[in-house]
Trainee: 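A single structure is presented below for examination.
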Amino acid sequence: MKIWLDGGLQDMESARVSVFDHGLTVGDGVFETVKAVGGRTFALTRHLDRLTRSARGLGLPEPDHAEVRRACAAVLDANPMPLGRLRITYTGGRGPLGSDRGEHGPTLVVALGDTSRRPDSTATITVPWTRNERGALTGLKTTSYAENVVALARAHRHGASEALFGNTVGQLCEGTGSNVFVVLDGEIHTPPLASGCLAGITRELTVDWTGAKETDLPLDVLERADEVFLTSTLRDVQAVHRVDDRELPGTAGPVTAKAMRIFAERAGDDLDP
Ligand code: PLP
């Protein structure tokens with residue numbers, strides 16, 4: 001397996017990043033996960049734009065899109081795979097302990113992992129912790145993901161694959177690695193970006209393609225929604241059949257099934273050249 005590091009391809013086994021890289025020591029980094037189908041990326045331009053927004057938010061130098069594109073293409077060429085996930089990691093780089101920022105320029109790593117298609121539906125839990133809708137990192141896709149790791153571990157202990165967060169004012173926000181949608185009286189709703197959720201690329205496409213509304217929703221909407229579904233790069237549109245102890249009917253309700261169909265049709269035609 002080849003990865004991209006320090007401007008070129010390297011063997012994954014021997015590639016090395018400094019133990020003083022600020023991405024490791026203080027989580028000063030941003031990332032993207034990009035789907036690759038048959039060696040072609042999906043929505044890479046949107047991912048690069050979000051990478052830049054996240055980098056700006058942390059005050060990192062702006063990533064060079066041409067280099068990241070070159071890196072993605074090289075990694076995909078070197079590791080043929082029917083369905084994969086490119087992981088782009090971009091950090092503040094190496095610097096002395098206690099310094100604000102790396103002193104040798106940013107680190108860019110592009111790696112590829114294989115992935116399997118997710119099941120059409122999944123179980124979720126809600127967690128007692130809140131997303132901060134007004135924090136310095138709100139809406140940025142940073143490598144400071146430990147809170148998500150803790151919440152996801154709790155979900156796994158409860159036989160679920162995703163944990164859903166409310167925000168500090170009791171509104172529904174998002175999952176650890178997904179956005180959330182609910183169906184009420186036949187209409188699809190998802191929390192607005194002001195709820196503190198990530199501007200998910202799958203969320204944005206789903207809103208455009210299904211006409212879903214961005215609505216402030218109390219967390220307890222999950223107790224009465226007719227249907228619930230998740231969106232993310234790796235899940236696409238995925239129905240939710242359980243939230244905590246509440247079972248939702250069937251694998252996917254009719255509105256979710258339609259959203260899944262629309263997404264599969266539109267996204268299937270939309271791979272990058
Ligand atoms: N919310 C969070 C916290 C995420 O980490 C992700 C993706 O990793 C998403 C939402 C979904 O975003 P996307 O559809 O761009 O994958």
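When a ligand or atom number is given, it counts from 1 through the structure's own listing order.
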Trainee: Using a 6.0 Å distance limit plus a 45 degree cone around the ring axis, check whether Arg203 lies over the aromatic ring of Phe181.
Mentor: no
Trainee: What verdict does the side chain to side chain donor-acceptor pair (under 3.5 Å) test give for Thr126 and Asp244, after you've listed the backbone C-alpha separation in whole Å, the side-chain angles of each residue and the deciding distance to 0.1 Å?
Mentor: CA-CA 6 Å; Thr126 53; Asp244 296 322; 2.5 Å; yes
Trainee: Within a strict 4.5 Å, meaning less than it, do heavy atoms of the Leu9 and Val75 side chains meet?
Mentor: yes
Trainee: Would you say the side-chain atoms of Asn167 pair up with the backbone N or O of Cys173, donor to acceptor, closer than 3.5 Å?
Mentor: no
Trainee: Decide whether a cation-pi geometry holds between Arg154 and Trp129; the criteria are a distance under 6.0 Å from NZ or CZ to the six-membered ring centre and an angle within 45° of the ring axis.
Mentor: yes
Trainee: What residues sit with at least one heavy atom under 4.0 Å from ligand 1?
Mentor: Arg50, Arg131, Lys141, Tyr145, Glu174, Gly175, Thr176, Gly177, Ser178, Asn179, Leu198, Gly200, Ile201, Thr202, Ser232, Thr233
Trainee: Does Arg46 pair with Glu204 as a salt bridge, N-O distance under 4.0 Å?
Mentor: yes
